[in-house]
Amino acid sequence: MRTLIKHLLASTEPREAVTAKGWVRTRRDSKGFSFLEINDGSCLANLQVVVDAGTPGADQLAHLNTGASVAVEGPLVASPAAGQKWELRARRVELVGATDSSYPLQKKGHTAEFLRTIAHLRPRSNLYGAVFRVRSRLAYAVHQFFQERDFVYVHTPIITASDCEGAGEMFRVTTLKGNIDEKPEADFFGKRTYLTVSGQLEGETFACALSNIYTFGPTFRAENSNTARHAAEFWMIEPEMAFCDLQGDMDLGEEFIKAMARHALEHCAEDLALFGKFVDKALHERLRFVVERPFVRVPYTEAIEILRQSGRKFEYPVDYGLNLQSEHERFLTEEHFKAPVTVYNYPREIKPFYMRLNDDGKTVTAMDVLVPGIGEVIGGAQREERLEQLLDNMKFHKLAPEDYWWYVDLRRYGTVPHAGFGLGFERLLMFLTGVSNIRDVIPFARTPGNAEF
RNA sequence: UCCAGAGUAGCUCAAUGGUAGAGCAGCCGGCUGUUAACCGGCGGGUUACAGGUUCGAGCCCUGUCUCUGGAGCCA
């Protein structure tokens, strides 16, 4: 019966006979015996195995190179040397699967660029093993957060005919051959369909029935974006709350990010320590800061004033009615406030039709949460719940109401104030791990020109 | 897509326009407790690709491809 290495290393007393299985990280030979470092991915640390010459299976030692898979059994004993608490004294060793000299992973450091070219092997490295354990744990934490607050998990469609008002370029889904725009009504679904860029509109329909809902699933953007923060396929979390306004929306977003940071600190300590040491020395300080301090909230108009009076030369102009550029967002969160910042009440012109128009007639109830190092991590809004105003917004943004008939219906039948936001799971992971490239927090990154694995 | 930089051994990197090298990895050997073990030895190259300049190009020029950083779009 195999025991995971994380459980072996957490032992409180020696054990008479255990079996460990995993992959060899390194082997150190001495005359008469060898040390094997074995990792099975259950935790960051390796299990040290001592194999004496003459141990059954020790004749295979020469093949137990870095990368080989192995099964060992024997007693778990306190290690007499510094460096590890426990070690396994092998009574039997079995080479499960050998490697050869072409195995690309070494025990020395590799660059992230090289490891991306071997995405099928990189989870066997310390850093990527840690990243993907944290990813799994945080996915669990996302569900826990919402389920504990009585949010209902809704599976919004992956294939969709609505485009969520230009949230981005879309991937076409079709079974047609040749010119796919010639007769879209002959296509599989009888109309043009795409991979979803957001589940928000569908999510709103469920919030207007089940009160508080969230989605958590893959979304797709066909943008030709070549940055460390964009992927063509990424996972998005989109809560939506009925009978909720912008204040409640900002409260939830802030609470959510704090909860994720707290969860990572409490449940991923060993992996976070690795990130703190090799990836981002300021990680722990930043996470504790996020957990302990309230976020700064500032209206868009005020943010513009702060930027104007900063005396800072920006590459892009700062003016009311213009979008905040990356450099502006970074200044606000990293330099001016030195804290996560929620900017709200943006000009109507630069935000989508579904956001609620404020009484000033000029701004809408949008909010963006900006965090140091990443920039925008949350984008949300209170939605326009008034039928006439929604139709007016659509006219303002030159959209046809009949294309959104089911969305408009929500305002026709028992409309309620409601609000929600979207949060990119990978960007959250970047923030929580300090890893600076989105390609390194998703198992197999989809970026322009890259779908090898 | 735009701007900048970079492509040399499996990996990380050297090499004034003049015989392509080191460390690590691999293989062989040594070492009685190692910790990215250590010590000795061996093999390993179409210098991203295609042209051009030159007596001579890894190095200079042109084009292409890929990657990285930044920007735009956004999450």
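Lettering of chains follows the sequences in order, A, B, ..., and the numbering in each one begins at 1.
Of the residues in residues 324-338 of chain A, those placing a heavy atom less than 4.0 Å from an atom of RNA chain B are A:Gln325, A:Ser326, A:Arg330, in numerical order.
Between A:Phe295 and A:Met250, every side-chain heavy-atom pair lies at or beyond the 4.5 Å cut-off.
Under the 6.0 Å distance and 45° angle rule, A:Arg149 counts as a cation-pi partner of A:Phe145. With a 6.0 Å cutoff to the six-membered ring centre and a 45° limit on the axis angle, A:Arg312 does not count as a cation-pi contact of A:Phe331.
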Between the protein and nucleotides 42-46 of chain B, are there any N/O to N/O pairs under 3.5 Å, and if so, what are the atom names and distances?
none

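Residue A:Glu113 is classed as a sugar-phosphate contact, given heavy-atom separations below 4.0 Å to backbone atoms only. At the heavy-atom level, A:Arg116 lies under 4.0 Å from the strands shown only through sugar-phosphate atoms. A:Ala112 comes within 4.0 angstrom of no nucleic acid atom, judged by non-hydrogen atoms across all strands. Across all strands shown, A:Ser102 has no heavy atoms under 4.0 Å from either base or sugar-phosphate atoms. Within 4.0 Å (heavy atoms only), A:Pro80 reaches at least one base atom of the nucleic acid.
The side chain of A:Asn65 sits closest to B:C27 out of B:C27, B:A71, B:U68. Looking at the side chain of A:His110, the nearest of the listed nucleotides B:U34, B:C73, B:C11 is B:C11.
Looking at A:Asn226, its side chain comes within 3.5 Å of the base of B:U1 through a donor and an acceptor atom. A donor and an acceptor atom sit less than 3.5 Å apart, one in the side chain of A:Gln84 and one in the base of B:U34.
A salt bridge does not link A:Arg221 with A:Glu169: every distance from a Lys NZ or Arg NE/NH1/NH2 to an Asp or Glu carboxylate oxygen is 4.0 Å or more. A salt bridge links A:Arg286 to A:Asp280: at least one charged side-chain nitrogen sits closer than 4.0 Å to a carboxylate oxygen. Between A:Arg297 and A:Glu254, at least one side-chain nitrogen of the basic residue sits less than 4.0 Å from a carboxylate oxygen of the acidic one, meeting the salt-bridge criterion.
Position along RNA chain B of the nearest nucleotide to A:Lys31 versus A:Arg229 favours A:Lys31 as the more 5'-ward residue. Both A:Ser101 and A:Arg439 sit near RNA chain B, but only A:Ser101 has its closest nucleotide nearer the 5' end.
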Pairs under 3.5 Å (Watson-Crick or G-U), crossing ones as [ ], inter-strand ones as |: RNA chain B comes out as (((((((..((((....[..)))).(((((.......))))).....(((((..]....))))))))))))....
